[in-house]
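First the structure, in the form of structure tokens, and then the observations on it.
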Amino acid sequence: MTNCVIKPKPINKENFKKFGDMITTADIKPIEINEGYAKRFDGIANLDTSKDNGETTISIFSALKRSFPMKIDMMEKHPLGSQAFIPMKQTTFLVLVAPEGNKPDLNRIEAFIVPPEIGVNYNPGTWHFPLIATEDMNFLIVDRKGSGDNLVIENIEKEEIILKY
């Protein structure tokens, strides 16, 4: 039985890259468009939704604020596609992840604080806890739709894993 308290750390491109991408314009040279009235930032996330003839879909998740400390009782993964979460207002949210594998490696769980103006894109197969919002808010989601089993849920309620924030 695993018994641990997890405290999130600030996210950066380096410490998150094994799980996916930080969605940010930092360190990306923009392309000037619309006669100089806008800038375009390309290549900010590696979307991967085409496995087994999947398609890309955009949706909005309306998330409720979580209370802390919170018990981590399950994890999920999407083996057929990446999944991006982009907050639709200036806010901080948390992510709790574990490396890809048949089951989540509970000894390798990490949690990150995602600051305002940043989103995340999980690699296909990355284990994660569902949205951890610090306030009621909406997220723009870029995800895979199509046939195949793209949701695997692992129940870990017998473990004693607590997220403190």
Side-chain angles (χ1 to χ4, degrees), residues 2 4-26 44-49 51 54-101 103-106 108-146 148-165:
T2 302
C4 68
V5 173
I6 299 171
K7 293 184 181 178
K9 58 189 167 197
I11 194 171
N12 62 53
K13 285 184 178 182
E14 188 62 31
N15 68 10
F16 193 72
K17 73 179 178 181
K18 63 185 163 198
F19 305 111
D21 309 300
M22 250 180 65
I23 299 174
T24 176
T25 58
I44 60 173
N46 296 305
L47 299 177
D48 180 359
T49 60
K51 189 171 186 178
E55 298 177 19
T56 303
T57 186
I58 295 176
S59 56
I60 293 175
F61 287 10
S62 186
L64 298 177
K65 176 184 178 179
R66 300 282 186 155
S67 297
F68 301 95
M70 65 180 280
K71 183 172 177 11
I72 304 303
D73 58 359
M74 61 83 73
M75 292 189 82
E76 65 182 37
K77 69 176 180 175
H78 307 283
L80 302 180
S82 59
Q83 190 177 44
F85 294 83
I86 304 157
M88 295 182 69
K89 68 178 182 178
Q90 295 284 330
T91 192
T92 297
F93 67 104
L94 305 178
V95 297
L96 185 130
V97 291
E100 182 180 4
K103 294 189 179 274
D105 184 341
L106 304 182
R108 297 176 63 199
I109 290 176
E110 294 185 55
F112 298 93
I113 302 166
V114 185
E117 299 186 21
I118 304 290
V120 297
N121 179 52
Y122 296 132
N123 291 333
T126 294
W127 288 99
H128 61 279
F129 190 82
L131 268 172
I132 307 173
T134 59
E135 61 182 298
D136 295 351
M137 60 174 298
N138 290 337
F139 286 81
L140 183 74
I141 309 300
V142 182
D143 204 354
R144 179 193 181 276
K145 70 175 182 176
D149 190 7
N150 193 35
L151 175 62
V152 178
I153 296 174
E154 185 70 24
N155 182 331
I156 56 175
E157 67 184 13
K158 292 181 181 175
E159 309 298 332
E160 195 62 37
I161 301 172
I162 304 296
L163 176 64
K164 282 195 174 181
Y165 177 65

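Bear in mind that the values here come from a model prediction, so they are computed numbers and not experimental data.
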Exercise for review: Taking the side chain as every heavy atom from C-beta outward, state whether Phe68 and Ile132 have any atom pair closer than 4.5 Å.
Suggested key: yes
Check your understanding: So, Asp136 side chain and Lys65 main chain: donor-acceptor pair closer than 3.5 Å or not?
Key -> yes
Check your understanding: Do you know which two heavy atoms are closest between Pro116 and Gln90, and how far apart they sit?
Key -> CB-OE1, 3.2 Å
**Study point:** Smallest separation among heavy atoms of Thr24 and Lys13, with atom names
**Key:** CG2-CE, 3.6 Å
Check your understanding: Run the side-chain contact (heavy atoms from CB on, under 4.5 Å) check on Glu55 and Arg144 step by step: do they pass?
Key -> CA-CA 6 Å; Glu55 298 177 19; Arg144 179 193 181 276; over 6 Å; no
Study note, to complete from the structure: Sorted by chain and number, sequence neighbours left out, side chain to side chain contact (heavy atoms under 4.5 Å, CB included) with Asn121 holds for Asp21, Ile23, Ala45, Leu47, Ser82, Ala84
Point to revise | Nearest-0.5 Å distance, CH2 of residue Trp127 to CD1 of residue Ile156 | key: 9.5 Å
Exercise for review: Would you indicate whether Glu135, at its atom CD, is surrounded by more than 12 heavy atoms from other residues, nucleotides or ligands within a distance under 6.0 Å?
Suggested key: yes
Exercise for review: Taking all non-hydrogen atoms of both residues into account, name the closest pair between Met75 and Val97 and its distance.
Suggested key: CE-C, 3.9 Å
**Study point:** Distance, nearest 0.5 Å, that separates CE of Met70 from CG of Leu94
**Key:** 8.5 Å
Point to revise | Test side-chain hydrogen bond (donor to acceptor under 3.5 Å, both in side chains) applied to Thr56 and Thr49, step by step | key: CA-CA 6 Å; Thr56 303; Thr49 60; 2.5 Å; yes
Review point. Thr134 and Tyr165: which non-hydrogen atoms are nearest, and at how many Å?
Key: CG2-CE2, 3.8 Å
Review point. Once you round to the nearest 0.5 Å, how far does NZ of Lys89 lie from CE of Met137?
Key: 6.5 Å
**Study point:** Minimal non-hydrogen separation, Asp143 against Gln83, with atom names
**Key:** OD2-NE2, 3.1 Å
Review point. Which heavy atom of Ile113 sits nearest a heavy atom of Pro115, and at what distance?
Key: O-CD, 3.5 Å
**Study point:** 4.5 Å side-chain heavy-atom contact, Glu76 and His128
**Key:** yes
Exercise for review: Any chance you could lay out the side-chain contact (heavy atoms from CB on, under 4.5 Å) test for Arg66 and Phe129, step after step, and finish with the verdict?
Suggested key: CA-CA 12 Å; Arg66 300 282 186 155; Phe129 190 82; 3.6 Å; yes
**Study point:** Contacts of Phe85 that satisfy ring-ring contact (aromatic ring centres under 6.0 Å, His included) - sequence neighbours left out
**Key:** Tyr122
Check your understanding: Does a sphere of radius 6.0 Å around NZ in Lys71 hold more than 12 heavy atoms from other residues, nucleotides or ligands, not counting ones at 6.0 Å or beyond?
Key -> yes
Exercise for review: Ignoring hydrogens and angles, tell me if any N or O in the side chain of His78 forms a donor-acceptor pair with the backbone of Asn150 under 3.5 Å.
Suggested key: yes
Point to revise | Option passing side-chain contact (heavy atoms from CB on, under 4.5 Å) with Asn155 (candidates Lys158, Glu157, Glu159) | key: Glu157
Point to revise | Between NZ on residue Lys77 and CG on residue Leu151, distance to nearest 0.5 Å | key: 11.0 Å
Point to revise | Asn12 (side chain) donor-acceptor with Asn15 (main chain) under 3.5 angstrom | key: yes
**Study point:** Step-by-step salt bridge (charged side-chain N to carboxylate O under 4.0 Å, His left out) determination, Lys9 to Glu110
**Key:** CA-CA 8 Å; Lys9 58 189 167 197; Glu110 294 185 55; 2.7 Å; yes
**Study point:** For Lys51, all residues meeting side chain to side chain contact (heavy atoms under 4.5 Å, CB included), sequence neighbours excluded
**Key:** Leu80
